[in-house]
Structure formats: structure tokens, C-alpha cells
Number of protein chains: 2
Amino acid sequence: MPESTGTTARRISRPVPLRESAHNAILDMIVSGELQPGQHLVENELAVALGVSRQPVREALQWLKNDGWVDLRPGQGAFVHSPTVEEADQLLVVRGVLETESARLAAGNATAEDVEELRAICRRGLAAVEADDVPAMIAANADLHAAVTRMSGNDVLVDLVAQVDRRVSWYHGSVARRRGGRSWAEHADLVEAIAAGDPTRSAAAMRQHTELTRRSYLEHSAERGGAATAAGLRSDEAI
Amino acid sequence: MPESTGTTARRISRPVPLRESAHNAILDMIVSGELQPGQHLVENELAVALGVSRQPVREALQWLKNDGWVDLRPGQGAFVHSPTVEEADQLLVVRGVLETESARLAAGNATAEDVEELRAICRRGLAAVEADDVPAMIAANADLHAAVTRMSGNDVLVDLVAQVDRRVSWYHGSVARRRGGRSWAEHADLVEAIAAGDPTRSAAAMRQHTELTRRSYLEHSAERGGAATAAGLRSDEAI
DNA sequence: CCCCGGGATTTTGTATGCTGCGGGCAATCG
DNA sequence: CGATTGCCCGCAGCATACAAAATCCCGGGG
């Protein structure tokens with residue numbers, strides 16, 4: 001029934017809503033550092049820059065606000081969110097809790113193919129470490145965590161973790177490099193626990209992993225001098 | 001220096017943005033059941049009903065979508081979200097995890113006043129049970145959980161839990177009544193664990209409490225016949 | 001009797017115009 | 001010379017207008 005035209009009947013014909021494109025574009029600008037924390041985002045400027053009207057930009061900004069990427073001061077507009085150390089720590093705590101539960105559930109659900117997928121991602125990650133390829137390390141890390149969460153079979157968890165993880169990645173910045181080797185050893189432990197179908201061990205592995213990551217972040221921001229707002233992140237190296 | 005006038009320097013009440021009022025109004029309509037799950041929300045109708053233009057309504061709908069209250073099908077508009085049993089279960093799992101961590105942290109942070117506040121809420125809850133006052137029971141329950149979460153000192157946690165809890169309350173409906181007595185006994189355990197400053201016991205109490213609540217919900221929806229969508233909730237009793 | 005097409009209607013998506021508030025600047029007064 | 005005040009400009013918030021898409025209804029044909 002869906003095919004009305006004789007064409008390939010794929011329902012891709014719908015152009016992605018402009019607000020979504022705008023959202024992605026602005027989010028990219030924030031994550032890439034093109035828009036710095038605290039910067040005032042003027043609707044009109046963004047609209048002109050993206051070649052659309054203010055309306056989709058407004059809706060994109062509302063969305064970004066709900067995800068914690070921008071602060072929307074009433075009557076004054078949108079500003080790129082400036083993360084504080086406390087907030088990052090709190091976020092890392094939540095991430096740890098959610099991912100630990102994901103790992104516990106994943107251990108009970110993962111199929112043989114799932115395990116193979118995880119192992120493949122681990123190999124990619126290790127290769128990236130040996131090649132000192134930071135972007136690939138970050139990508140593999142994100143893939144692994146996303147895969148584990150997906151295997152939990154809990155869609156609500158997937159949503160929340162995806163949201164939290166992206167912001168964690170933003171805050172993280174350069175931590176990944178320093179922790180590269182250790183991190184992937186921990187990942188391997190986790191994957192083996194999942195392969196063994198042992199929820200307790202899997203959860204413990206994930207808890208330890210996220211907790212060490214959190215400690216690493218705290219040390220990092222501490223040595224970078226007191227209240228290291230995200231402005232300090234960019235001065236180091238790109239994400 | 002801050003005092004310019006002799007008065008208490010209250011900052012002028014800024015009129016609440018219309019999108020926020022619209023958001024609250026629509027959310028009330030959903031929670032109260034005036035708008036039933038699956039119902040198509042026409043922007044224009046809402047705008048007329050609320051006496052505003054479509055713009056604030058649109059923004060409110062986007063916001064509600066992000067909180068999971070409505071589904072926004074592109075090119076087709078907004079529909080009140082229809083929760084499934086699986087989704088409710090997943091949400092309850094997540095709630096359990098987040099609240100358990102809240103309880104653990106709260107046990108380490110709560111002051112004497114905090115404990116007294118918790119005990120006061122417990123008394124209110126028990127009174128409501130004895131009076132068989134369901135709305136008061138629900139209110140006290142929400143207050144208790146909110147208070148515990150707040151005492152965790154983790155703002156990110158507070159946000160997420162607030163979001164999850166409101167939807168849980170919606171799904172819950174009439175479960176509260178059947179579980180009333182037991183539930184408040186478990187609450188009392190929790191409060192005493194927090195009063196003792198014992199994170200492990202506090203976390204365990206909360207875990208058990210949320211897990212029992214989840215079981216109760218599952219039994220409830222099972223006996224109510226297979227796929228009890230929220231449409232079945234309202235036919236029972238108001239929230 | 002059921003299925004299929006076409007046009008009218010409804011509804012979303014996007015653009016633009018208008019109003020009021022806030023901030024910055026300069027002229028004026030003490 | 002410094003503080004205050006009035007003015008101007010820019011931007012957010014809201015409303016309205018227009019265009020495109022989907023749905024619905026109706027009539028015709030198999």
C-alpha cells in the first residue's frame with residue numbers, strides 16, 4: 001500500500017525538518033568549539049548563517065536547551081552552556097550509574113553476535129591506541145558504550161545514556177588520550193564479563209571503568225587549575 | 001550597596017514566558033486525562049483554547065516531546081504519548097537505579113533537619129493512608145522521593161529523577177492505593193537508614209522499595225488484561 | 001460490493017512583521 | 001569632574017501570513 005508512485009517507494013522523500021538540521025548544525029558548532037561556552041547565540045545571525053528563517057533556529061535552540069547544551073535566559077536569548085567542574089562530576093556520577101545498569105542487563109541479553117561486535121570494537125580501539133589516533137579512540141569508545149547500552153534492551157536507558165554521554169564527551173576532551181591504554185584494558189574486562197553472561201561481574205567492570213574515568217577527569221581538571229570551565233578545554237586540544 | 005529603595009529589594013516579577021504557561025497547561029490536561037493517550041493535538045485548537053498564538057503552543061509541544069509526554073510525528077503533528085507496558089517497566093527500572101543512587105548519596109549528606117523533614121513527610125503519608133486519601137498519598141510519596149533526591153546534592157540526578165518520576169506517577173494511577181500501607185513502611189525503613197547515615201542500607205532500602213513498586217505495577221497491568229495502555233488507566237480512577 | 005483515484009479541506013512547516021524590553025552611549029546636571 | 005538621565009539601537013517574544021503536505025471524502029470503475 002505505501003507505494004503509490006512506481007518509483008522505489010522508499011519514504012526518504014521527506015526532507016528532514018529544518019529544525020532538526022538546524023539543531024544538528026548548531027550542536028556541531030558547539031561540540032567542535034566553533035561556538036565557545038558562554039557565547040551569546042543571536043537568532044538572526046544563526047538564521048542567516050544557516051540560510052533559514054528564525055523560526056527553525058528558535059525551535060532548535062529550545063531543543064538544545066532541553067539537552068543542556070545552551071542556557072536560555074528569558075528575554076535575553078540563548079547562551080552556550082558553560083559547564084562547571086561540579087556539574088561535570090555530577091554528570092559522570094549519573095553516567096556511571098546508568099552505564100553500570102546497562103552493563104548488568106547487557107550481560108543477560110547479549111547474543112554471540114553481540115559479543116563478537118563488542119570484541120571487534122575493542123580491536124578497533126586498541127588499534128587506535130597503538131596508532132595514537134585520538135579521534136578514532138574517542139569514536140571507538142563511544143561505539144562500545146553505545147553498543148553495550150543498546151544490548152541492555154532498555155530503550156529508556158538508551159535515550160538517557162546517549163544524552164549524557166554526548167555531554168560527557170564534550171567535557172572530556174583530552175582525557176581520552178592519557179587514559180587510552182588502561183581504558184581499553186577495562187573495556188576488555190567488561191566485554192569478557194558480558195561474554196560470560198555474568199551480570200554481577202559485568203556491572204562491577206563497568207562501575208570500575210566509569211569511576212576511574214571520573215577520577216581521571218577530576219585530576220585532569222584539578223591540575224589544570226581550580227575552576228576549569230570549558231573555556232580551558234579548548235585551549236588544550238580539539239575534541 | 002544593593003539597597004536602593006528602602007523596600008526589600010524584591011526583583012520585579014517577570015511575566016512567565018507564554019511557552020512555559022502553555023507547557024504547564026497542556027501537561028495538566030494530559031496528566032488529568034482531559035487529553036487521552038493517542039489523541040491528536042491540533043496546534044490551532046490548543047492555541048485558541050489557551051488564548052495564545054500557535055507559536056508558544058508549538059514550543060510547548062517540542063518541550064513536551066523532549067520529556068516524553070507527546071510523540072511528534074513529522075508532518076503530522078503531536079499526539080499524546082501512549083505508554084506501553086514494556087516502556088513503563090523500563091522506566092521503572094531506570095527510576096529504581098537513579099533513586100537508589102540518590103538514596104545512597106542522601107545518606108551521606110542529610111542533615112538533622114533533613115531527616116526531620118523526611119519524618120514529617122512520612123507522618124503525612126501515614127495519615128493519608130489511614131484516611132484513605134489517595135491524592136494526599138500520592139502527593140506525600142512524590143514529596144518524599146523528591147526530598148531524598150534533593151538531598152543527594154546531585155543536580156543532574158534531581159533533574160532526571162523529576163522527569164522520570166512524573167511519568168511514573170502518570171502510569172501508576174491506582175497502584176498507590178493498593179500498596180499504600182506497605183509502601184510507607186518501606187519509606188520508614190529508608191528514612192531511618194538515611195538518619196543513621198548508612199549509605200549501603202539506604203540504597204538497599206530504596207532498591208527494594210522501587211523494585212516492589214515495579215512488581216506491583218506489573219501485576220496490576222497484567223491482571224488488567226494484556227496490553228494495558230494508559231487508556232485503561234483512566235477507566236479505573238483518576239490520578 | 002470493494003477498491004481506486006482526484007480534489008477539497010485541514011494541518012503542519014516556514015517566513016516575516018510588530019511590540020516591548022534591555023543595554024549601551026552620550027548629553028546634561030550637580 | 002563625576003553621576004544621572006534620556007535616547008537609540010538591537011534582539012527576544014509573540015502574532016500573523018503564506019506555502020506545502022497529508023488526510024479525508026466522494027464519485028467512478030472493476
Side-chain angles (χ1 to χ4, degrees), chain A residues 1-26 29-30 35 38-66 69-81, chain B residues 1-6 9-26 29 35-36 38-66 69-81:
Chain A
M1 200 270 274
E3 58 275 299
S4 49
T5 73
T7 69
T8 48
R10 304 279 306 177
R11 41 186 67 223
I12 55 173
S13 57
R14 168 177 297 292
V16 181
L18 247 60
R19 57 168 173 271
E20 191 173 331
S21 306
H23 171 268
N24 292 334
I26 298 172
M29 289 195 258
I30 293 176
L35 299 177
Q39 180 170 345
H40 186 186
L41 301 180
V42 180
E43 294 176 357
N44 217 350
E45 291 178 9
L46 289 172
V48 171
L50 300 178
V52 298
S53 81
R54 280 174 48 207
Q55 173 88 3
V57 172
R58 272 183 74 84
E59 293 177 356
L61 289 175
Q62 304 263 342
W63 187 355
L64 289 168
K65 169 210 151 197
N66 280 309
W69 291 100
V70 305
D71 300 323
L72 225 52
R73 304 219 291 248
Q76 198 168 350
F79 297 77
V80 180
H81 180 67
Chain B
M1 196 268 278
E3 62 276 303
S4 49
T5 72
R10 305 186 40 129
R11 28 194 72 224
I12 292 296
S13 67
R14 170 188 303 283
V16 181
L18 248 64
R19 57 169 174 270
E20 190 172 330
S21 307
H23 171 268
N24 293 334
I26 298 172
M29 289 195 256
L35 300 177
Q36 297 211 353
Q39 180 170 347
H40 186 186
L41 301 180
V42 180
E43 294 175 356
N44 217 350
E45 290 178 8
L46 290 173
V48 171
L50 300 178
V52 298
S53 82
R54 277 177 55 206
Q55 173 90 3
V57 172
R58 276 181 71 84
E59 294 175 356
L61 289 176
Q62 307 256 346
W63 187 352
L64 289 168
K65 168 208 151 198
N66 280 306
W69 290 100
V70 304
D71 300 323
L72 223 52
R73 305 217 290 249
Q76 196 169 351
F79 297 78
V80 179
H81 179 69

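Here is how names work: the chains are called A, B, and so on, in the same order as the sequence lines, proteins then strands, and each is numbered from 1. Just so you know, these numbers use all the heavy atoms, side chains as well, and skip hydrogens, waters and symmetry mates.
Judged by distance alone, with hydrogens and angles left aside, A:R54 brings a side-chain donor or acceptor within reach of the base of D:dG13, the pair sitting under 3.5 Å.
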B:L41 vs B:M29, side chain to side chain contact (heavy atoms under 4.5 Å, CB included): CA-CA, chis, key distance, verdict: CA-CA 11 Å; B:L41 301 180; B:M29 289 195 256; over 6 Å; no
Would you check, one step at a time, whether the test side chain to side chain contact (heavy atoms under 4.5 Å, CB included) holds for A:Q62 with A:L72? CA-CA 8 Å; A:Q62 304 263 342; A:L72 225 52; 4.1 Å; yes
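Rounded to whole Å, the distance from CG on B:L46 to C1' on D:dC14 is 17 Å. As rounded to whole Å, 10 Å separates atom P of C:dG13 from atom CG of B:L61. When the P atom of D:dC14 is taken as reference, atom CG of A:L72 falls 11 Å away, rounded to whole Å. Regarding B:E59, its CD atom lies at a distance of 8 Å from the P atom of D:dG13, rounded to whole Å. Look at CG on A:N44: it is 11 Å from P on D:dG10, rounded to the nearest Å. Spacing between atom CG of A:L50 and atom P of C:dG13 amounts to 19 Å, rounded to whole angstrom units. In this structure, CG of B:L18 is placed 16 Å from C1' of C:dC21, rounded to the nearest angstrom. Rounded to an integer number of Å, the gap from CD of A:E43 to C1' of C:dA15 is 14 Å.
For A:S53, counting side-chain heavy atoms from C-beta on, the closest listed nucleotide (C:dT14, D:dA15, D:dG13) is C:dT14. With distances taken from any side-chain atom of B:Q76 to the nucleotides D:dA12, D:dT23, C:dA15, the minimum falls on D:dT23. Which of D:dT23, D:dC14, C:dT16 sits closest to the side chain of B:P17 comes down to D:dC14.
Projected onto DNA chain C by closest heavy-atom contact, A:Q55 and B:E45 fall at different nucleotides, the more 5' of which corresponds to B:E45.
Considering only side-chain N and O atoms, B:R58 lies under 4.0 angstrom from the phosphate OP1 or OP2 of C:dG13. Between A:H40 and D:dA12 there is a side-chain N or O to OP1 or OP2 distance below 4.0 Å.
A donor-acceptor contact shorter than 3.5 Å links the side chain of A:H40 to the backbone of A:Q76. Looking only at distances, no side-chain donor or acceptor of B:E20 sits under 3.5 Å from a matching main-chain atom of B:P17.
Using a 4.0 Å heavy-atom distance criterion, B:R19 is classed as a sugar-phosphate-only contact. The residue A:L41 sits close only to the backbone: its heavy atoms come under 4.0 Å of sugar-phosphate atoms, none of a base.
Rounded to the nearest 0.5 Å, atoms CZ (A:R19) and CZ (B:R58) are 6.0 Å apart.
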